[in-house]
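In this text the structure is predicted, and so the values were computed from the model without any measurement. The analysis underlying the following values was restricted to heavy atoms, covering all of them including side chains, and did not include hydrogens, waters or symmetry mates.
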Amino acid sequence: MATDYDAPRKTDDELSEDSIEELKTRRNDKRSSSVDVDETEQAEGFELPGADLSGEEMSVRVIPRQADEFTCSRCFLVHHRSQLASEKAGQMVCRECAA
């Protein structure tokens, strides 16, 4: 955006008046301009809970747990050894579950 440095400068009062007027016109413009949205087209992208997904196939590559990882006995997520908070009787707990 180009700026005309030779133009007379406005005072703070003039700037605040302009901004209020601009806000009012923008508010009126937003009300007048509405976009037609096809509700059925918009709803096609949403999956409802309990939807039948029996025909869907997973395309995720599963990597086995590595030697430097463990499975938390509370949340059952695989974490790196640096996230190990405690280990009692073979039960490993991550930092998030221990907190």
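- When side chains are defined from C-beta on, L84 does not count as touching C94, because their heavy atoms never get closer than 4.5 Å.
- At distances below 3.5 Å, not a single donor-acceptor pair connects side-chain atoms of R81 with backbone N or O atoms of D68.
- R95 places no side-chain N or O within donor-acceptor distance of the main-chain N or O of S86, the cut-off being under 3.5 Å.
- Few gaps surround CD on E87; more than 12 heavy atoms of other groups in view lie less than 6.0 Å from it.
- Of the inter-residue distances, the one linking T71 atom OG1 with H79 atom NE2 reads 8.5 Å to the nearest 0.5 angstrom.
- In terms of heavy atoms, C72 sits closest to V93 at SG-CA, 4.0 Å.
- Judged by distance alone, the side chain of E69 and the main-chain N or O of Q66 form a donor-acceptor pair under 3.5 Å.
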